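Structure, as structure tokens:
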Amino acid sequence: MTRTRHNWTLDEVKDLFALPFIELLFQAHSIHRQNFNPNYLQLSTLLSIKTGTCPEDCGYCPQSGHHKKVELKKQKLMNKELVIAKAKAAKQQGASRFCMGAAWRSPTDQDLATVIDMVKEVKAIGLETCITLGMLTKPQTEALKEAGLDFYNHNLDTSREYYPTVITTRTYQERLDTLELVRNAGINVCCGGIIGMGETVEDRMKFLIELANLPKHPESVPINHLVSVEGTPLAHSKPVEPLNFIRVIAIARIMMPHSIIRLSAGRLQMSDEMQVLCFYAGAGSIFIENVLLATPNPETVDDMGFLNALGMETSSCLPS
Ligand code: SAM
Ligand code: DTB
Ligand code: SF4
């Protein structure tokens with residue numbers, strides 16, 4: 001069992017980033033197979049239950065109401081019956097977790113009550129549940145725990161230093177406060193961020209240190225590759241070198257050895273070979289189905305062909 005640490009220093013992480021690529025991959029993969037079956041992949045699907053007109057100004061996000069030039073089909077909170085139909089379809093496709101996202105700064109108590117109903121019914125189908133609704137209050141986290149929610153997704157997105165160039169309407173500390181409330185309520189934490197927003201390699205190091213030095217590692221760490229959306233302020237960010245993206249996955253695996261690293265948004269823009277290297281480096285989960293929240297994802301039939309060719313099995317990965 002690999003030791004879990006919460007005191008990573010920048011110098012240590014710089015040393016990891018400086019490792020030759022093959023050596024880094026070997027170290028990451030060794031840790032991965034000590035803690036996980038490397039031939040298993042956990043599959044989730046996403047559903048946007050409320051789309052667009054978000055009051056936040058996240059520079060990467062097509063759903064922000066601030067980015068007027070983005071082409072997006074906006075949608076009010078979906079009705080429960082449609083959500084349940086989508087969840088059943090996701091289960092049929094092989095997903096073990098159903099993640100619902102809403103473009104809110106924070107939910108009202110009334111909206112939360114509706115989402116809680118959805119969570120209960122999705123669980124009853126036999127799926128793990130994850131939601132991402134923005135900031136929460138303490139009573140709201142307690143109500144979600146009571147409803148049986150498995151995971152809450154709330155990302156730090158990037159380093160503390162780079163964050164204000166990406167988002168101005170919500171502080172880094174507010175994100176940390178929500179994460180603490182979720183953790184204290186006893187809900188599994190899903191927290192990660194985005195690579196490819198114009199951040200430096202040092203920002204990536206500092207972002208990983210923020211995650212790994214949390215009092216408890218997030219059970220689930222989504223690493224998104226920026227999906228560039230025309231009309232968002234970050235649409236023309238410098239693309240990430242594939243090897244540098246894989247390095248982030250490998251180092252996240254080393255720094256948080258017991259967390260499930262999720263190869264999240266951006267797979268449509270990646271080659272199969274790049275994705276395989278991400279799995280080898282320690283990514284143990286992907287989103288299937290051809291839409292994420294508001295942007296496209298690979299077709300499930302293509303993903304399944306790819307996973308079959310690799311001999312990957314798929315399974316549920318709730319922490320024991
Ligand atoms: N509104 C909620 C919030 O941000 O707290 C939840 C939904 S939001 C879409 C969830 C996460 O998706 C963001 O924190 C961000 O990391 C990721 N995301 C959003 N747009 C993205 C994009 N264009 N490319 C990659 N990841 C993105
Ligand atoms: C996360 O870190 N990635 C997912 C999930 N959490 C909610 C969302 C990715 C969104 C990608 C852009 C979009 O489709 O809107
Ligand atoms: Fe709103 Fe979430 Fe998009 Fe930010 S990432 S604009 S909070 S939906």
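None of these values were measured; they are calculated from a predicted model. Side chains included, hydrogens not; waters and symmetry mates left out as well; all remaining heavy atoms used. Counting starts at 1 for both ligands and their atoms, in listed order.
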**OP:** Considering the heavy atoms of W104, write down every atom of ligand 1 situated less than 4.0 Å from one of them.
**Re:** 1 (N)
**OP:** Give a yes or no on whether Q173 atom CD has more than 12 heavy-atom contacts from other residues, nucleotides or ligands under 6.0 Å away.
**Re:** yes
**OP:** Compute both the distance and the angle, then confirm whether R204 meets the cation-pi test with F17: under 6.0 Å from the six-membered ring centre, within 45 degrees of the axis.
**Re:** no
**OP:** Provide the number and element of each atom of ligand 2 under 4.0 Å from a heavy atom of T132.
**Re:** 7 (C)
Original post:
Does some non-hydrogen atom of A102 fall short of 4.0 Å from ligand 1?
Top reply: yes
Original post:
Is the shortest side-chain N to carboxylate O distance from E142 to K138 below 4.0 Å?
Top reply: yes
**OP:** Note the single closest protein heavy atom to atom 11 (C) of ligand 2, along with its residue, its atom name and the distance in Å.
**Re:** A265 CB, 3.8 Å
Original post:
Nearest non-hydrogen atom to atom 13 (C) of ligand 2 belongs to which of P222, C190, A294?
Top reply: A294
**OP:** Give the atoms of ligand 2, by number and element, whose distance to some non-hydrogen atom of N155 is under 4.0 Å.
**Re:** 1 (C), 2 (O)
Original post:
How about C61: does one of its N, O or S atoms come closer than 2.8 Å to atom 1 (Fe) of ligand 3?
Top reply: no
Original post:
Would you say E23 has more than 12 foreign heavy atoms packed within less than 6.0 Å of its CD?
Top reply: yes
Original post:
Do E210 and K206 pass the salt bridge (charged side-chain N to carboxylate O under 4.0 Å, His left out) test, and can you show the C-alpha distance, the side-chain angles, and the key distance before you say yes or no?
Top reply: CA-CA 6 Å; E210 291 284 351; K206 290 178 172 170; over 6 Å; no
Original post:
Looking at R175, R170, E199, which one forms a side-chain hydrogen bond (donor to acceptor under 3.5 Å, both in side chains) with Y163?
Top reply: R175
Original post:
More than 12 non-hydrogen atoms from neighbouring residues, nucleotides or ligands closer than 6.0 Å to CD on E146, yes or no?
Top reply: no
Original post:
Out of curiosity, does V291 fall in the hydrophobic cluster containing L127 (side-chain heavy atoms, cut-off under 4.5 Å, transitive links)?
Top reply: no
Subject >> More than 12 heavy atoms of other groups within 6.0 Å of K123 NZ >> reply: yes
Original post:
So which bit of D157 gets within less than 4.0 Å of ligand 1, heavy atoms only: side chain, backbone, both or neither?
Top reply: side chain
Subject >> Contact atoms of ligand 1, heavy-atom distance to H154 under 4.0 Å >> reply: 5 (O)
**OP:** Determine, using heavy atoms of M135 and all atoms of ligand 1, whether some pair is separated by less than 4.0 Å.
**Re:** no
Original post:
Out of T51, V229, T158, T132, whose heavy atom is nearest to atom 7 (C) of ligand 1?
Top reply: T132
**OP:** Could you tell me whether ligand 1 has any atom less than 4.0 Å away from a heavy atom of G134?
**Re:** yes
Original post:
By number and element, which atoms of ligand 3 are closer than 4.0 Å to a non-hydrogen atom of C58?
Top reply: 4 (Fe), 5 (S), 6 (S), 7 (S)
Subject >> Top protein contact for atom 11 (C) of ligand 1, by heavy-atom distance >> reply: N155 ND2, 3.7 Å
Subject >> Per-residue contact class, T295 against ligand 2 - non-hydrogen pairs under 4.0 Å >> reply: both
**OP:** Between N224 and ligand 1, find which residue part has any heavy-atom pair under 4.0 Å and reply side chain, backbone, both or neither.
**Re:** side chain
Original post:
Which of the listed options, N153, L293, I223, holds the heavy atom that is closest to atom 10 (C) of ligand 2?
Top reply: L293
Original post:
Looking only at non-hydrogen atoms, which of R170, R175, E56 approaches atom 3 (C) of ligand 1 most closely?
Top reply: R170
Original post:
Parallel, tilted or perpendicular for H217 and H6, by the 30°/60° rule?
Top reply: tilted
Original post:
Of all the atoms in ligand 1, which lie at a distance below 4.0 Å from a heavy atom belonging to L226?
Top reply: 24 (N), 25 (C)
Subject >> Location of contacts on L293 toward ligand 1, heavy atoms closer than 4.0 Å >> reply: side chain
Original post:
Which of the atoms of ligand 3 are close to A103, meaning less than 4.0 Å from one of its heavy atoms?
Top reply: 8 (S)
Original post:
With a 4.0 Å heavy-atom cut-off (strictly under), which part of I194 contacts ligand 1: side chain, backbone, both or neither?
Top reply: side chain
Original post:
Within a distance of under 4.0 Å, is there any protein heavy atom near atom 1 (Fe) of ligand 3?
Top reply: yes
Original post:
For atom 13 (C) of ligand 1, which protein heavy atom lies nearest, and how many Å away is it?
Top reply: Y60 OH, 3.7 Å
Subject >> Flag if over 12 foreign heavy atoms under 6.0 Å of NZ, K86 >> reply: no
Original post:
Among protein heavy atoms, which lies nearest atom 10 (C) of ligand 1, and at what distance?
Top reply: N153 OD1, 4.0 Å
Original post:
What do you reckon, is CZ of F26 surrounded by more than 12 foreign heavy atoms closer than 6.0 Å?
Top reply: no
**OP:** Using a 4.0 Å heavy-atom threshold (strictly under), name the region of R170 that reaches ligand 3: side chain, backbone, both or neither.
**Re:** side chain
Original post:
Relative to F151, does R97 satisfy both conditions: NZ or CZ under 6.0 angstrom from the six-membered ring centre, and within 45 degrees of the ring's axis?
Top reply: yes
**OP:** Say whether L19 and L208 are linked into one hydrophobic cluster, either directly or through other cluster members, by side-chain heavy-atom distances under 4.5 angstrom.
**Re:** yes
Subject >> Pair E121 + K80: basic N to acidic O under 4.0 Å >> reply: yes
Original post:
Looking at atom 23 (N) of ligand 1, would you say a protein heavy atom lies below 4.0 Å from it?
Top reply: yes
Subject >> For atom 9 (C) of ligand 2, the option (of N224, N297, L226) bearing the nearest heavy atom >> reply: N224
Original post:
Under a 4.5 Å cut-off applied to non-hydrogen side-chain atoms, are S237 and L226 in contact?
Top reply: yes
Original post:
With a 4.0 Å heavy-atom cut-off (strictly under), which part of R105 contacts ligand 1: side chain, backbone, both or neither?
Top reply: neither
Original post:
Should E174 and R105 count as an ion pair when the cut-off is N to O under 4.0 Å?
Top reply: yes
Subject >> Polar contact flag for V227 and ligand 1 (N/O pairs, less than 3.5 Å) >> reply: yes
**OP:** Applying side chain to side chain donor-acceptor pair (under 3.5 Å), run through D111 and T108 and close with a yes or a no.
**Re:** CA-CA 5 Å; D111 284 336; T108 62; 3.3 Å; yes
Original post:
Can an N or O of Q63 be found at a distance shorter than 3.5 Å from an N or O of ligand 2?
Top reply: no
**OP:** Just jot down the ligand 3 atoms closer than 4.0 angstrom to any heavy atom of Y60, in number order.
**Re:** 5 (S)
